[in-house]
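Note that the structure is a prediction, hence the values are computed from the model and not measured. What's counted below: heavy atoms across the whole structure, side chains too, no hydrogens, waters or symmetry copies. Residue indices begin at 1 and follow the sequence shown.
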Amino acid sequence: MHFRRRDIITGLAALAPMTVAGHVWAAPKSDARLLVVFLRGAYDAANVVIPISSDFYYASRPNLAIARPNPTVPTAALPLDANWGLHPALRSSIYALYEKGEAVFVPFAGTDDLTRSHFETQDTIELGQNVNGTRNYRSGFMARLAGVLTRVRPISFTDQMPLTFQGSDSVPNIAINNVGKPGIDARQANLILSMYEGQPLSAAVQEGFRVRDDVYNAVTEHMMEASRGAVSPKGFELSARRIGRLMRDQFNLGFVDVGGWDTHVNQGGATGYLADRIGELGRGLAGFAEDVGPGWKDTVVVVVSEFGRTFRENGNRGTDHGHGSVYWILGGGIKGRRIAGEQVAVDQAHLFQNRDYPVLTDYRALLGGLMARMYGLDQNGLQRVFASVQPRDLALL
């Protein structure tokens with residue numbers, strides 16, 4: 001378990017559902033849960049949510065294109081509607097959710113950041129600030145959201161505290177893939193507790209150790225289950241199930257990042273590198289939905305990436321840094337089984353700078369509209385999360 005760069009006691013105190021930095025935490029006022037999944041490296045959206053009605057797509061990707069839907073061809077795209085299909089590696093996971101009305105895809109989504117730099121654009125998304133203004137690296141959009149929600153338990157499933165939660169003093173971060181035996185044993189914990197006995201931070205320190213132990217026990221329990229063949233013990237598939245259990249029982253605002261999406265060379269099409277990564281991601285998200293259990297009906301998962309990739313394949317049978325992407329919205333209570341947001345024809349005339357998907361739905365506007373529906377935030381609350389942005393209601397809930 002890792003905490004913000006501060007001493008161990010301050011980190012433990014930050015976990016307490018007490019009064020922290022003047023903010024009083026209490027039990028959630030509803031069962032609503034939000035998990036943001038960040039695909040770092042810019043996944044190739046056009047080969048995952050596929051523009052099957054576009055002849056231009058097939059001409060632009062002679063080696064990478066996914067075949068149009070055909071029920072007799074297992075490597076063909078899975079039909080979403082007349083214009084869009086889904087990668088066949090997602091058949092048993094995300095496509096199954098889509099068929100149940102629990103998935104929405106938003107093409108032509110992204111930011112107004114034009115740097116095409118992974119680091120710059122990742123920062124842009126996590127901060128959620130005006131790209132033309134001065135950046136405040138101590139104010140991430142999920143920290144600001146936590147600040148306007150009076151009853152929320154946030155957590156980041158990351159090795160280091162991400163930018164998106166910077167500015168909040170009460171967010172634990174847990175490297176879920178690397179959780180092991182707690183670094184402080186029972187004897188040391190008792191010594192620390194005795195040091196703070198009768199002091200103002202005593203209750204906060206006790207609560208910090210309790211949350212640490214609960215997280216460790218939940219993770220190790222699930223690892224043992226996985227060893228009996230319930231799920232693969234590798235990568236995000238296993239991690240997502242652990243996250244589902246923790247968000248089912250303890251937390252309701254989460255962030256996790258998944259790497260490995262920068263596919264410049266030998267990306268593959270229906271099979272290959274990207275297909276394998278997408279399959280793992282899909283199975284992980286489906287496992288998360290299962291382990292959240294009945295709470296899935298009150299849970300929303302938003303899958304984003306910093307930008308899309310070039311529409312045309314490159315000379316190395318891969319794709320390069322692009323602009324517009326496709327975001328995913330998953331959940332048991334969403335108005336699913338559809339493609340949402342503004343769309344244009346997928347042809348050369350509508351490419352951005354003759355190379356990429358355009359951005360027609362700003363990610364802050366999309367998230368703002370979703371937050372308004374999830375939490376009932378008014379305009380003042382939404383402006384505190386995303387200043388100077390008009391929320392866009394895509395009727396996702």
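Ring to ring, F307 and H321 are close: their centroids are under 6.0 angstrom apart. Y357 and F352 have their aromatic ring centers separated by at least 6.0 angstrom.
Taking the salt bridge (Lys or Arg N to Asp or Glu O under 4.0 Å) definition, one finds that R144 meets it with nothing, sequence neighbours left out.
Looking at R40 and Q122, their side chains do bring a donor and an acceptor atom within 3.5 Å of each other. Defined by atom type and a distance below 3.5 Å, a donor-acceptor pair is missing between the side-chain atoms of R135 and N130. Between the side chains of Q160 and N173, not a single donor N or O lies within less than 3.5 Å of an accepting N or O. Judged purely by distance below 3.5 Å, without hydrogens or angles, the side chains of D112 and Y363 never pair a donor atom with an acceptor atom. Inspection of the Q267 and T319 side chains reveals an N or O donor paired with an N or O acceptor under 3.5 Å. Inspection of the W84 and Q343 side chains reveals an N or O donor paired with an N or O acceptor under 3.5 Å. Under 3.5 Å, the side chains of H118 and D262 contain a donor-acceptor pair of N or O atoms.
With values rounded to the nearest 0.5 angstrom, Y98 atom OH is found 15.0 Å from R91 atom CZ. Residue T121 holds its OG1 atom at 9.5 Å from NE2 of H323, rounded to the nearest 0.5 Å.
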message: For a salt bridge (Lys or Arg N to Asp or Glu O under 4.0 Å) check, start with the C-alpha distance between E290 and R245, then their side-chain angles and the critical distance, and finish with the verdict.
response: CA-CA 9 Å; E290 289 179 5; R245 289 192 171 195; over 6 Å; no

message: Please determine whether salt bridge (Lys or Arg N to Asp or Glu O under 4.0 Å) holds for the pair R68 and D55, giving the CA-CA distance in whole Å, both sets of side-chain angles, and the decisive distance to 0.1 Å.
response: CA-CA 10 Å; R68 289 185 169 97; D55 292 336; 2.7 Å; yes

- request: Show your reasoning for whether side-chain hydrogen bond (donor to acceptor under 3.5 Å, both in side chains) applies to N136 and Q129.
  value: CA-CA 8 Å; N136 179 359; Q129 301 166 16; 5.3 Å; no

field: Full working for side-chain hydrogen bond (donor to acceptor under 3.5 Å, both in side chains) between N314 and H264
entry: CA-CA 8 Å; N314 63 28; H264 291 280; 4.8 Å; no

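Contact check on R116 versus D356 returns a salt bridge, with a Lys/Arg side-chain nitrogen under 4.0 Å from an Asp/Glu carboxylate oxygen.
The local environment of CZ in R317 is sparse, with at most 12 non-hydrogen atoms from other residues, nucleotides or ligands closer than 6.0 Å.
Side-chain contact between V300 and L397 is present, with heavy atoms from C-beta onward closer than 4.5 Å. Residues I50 and Y57 have side chains in contact (heavy-atom distance under 4.5 Å, counting atoms from C-beta outward).
When the options V152, L149, T299 are evaluated for a side-chain contact (heavy atoms from CB on, under 4.5 Å) with N252, the one that passes is V152.
Remark: R61 qualifies as a cation-pi partner of F311 under the 6.0 Å distance and 45° angle criteria applied to the six-membered ring.
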Identify every side-chain donor-acceptor pair in residues 386-393 under 3.5 Å, counting partners at least two apart or on other chains, and give the distances.
unit_1	atom_1	unit_2	atom_2	d
R392	NH1	L360	O	2.8
R392	NH2	E342	OE1	3.4
D393	OD1	R373	NE	2.8
D393	OD1	A395	N	2.8
D393	OD2	R373	NE	3.1
D393	OD2	R373	NH2	3.0

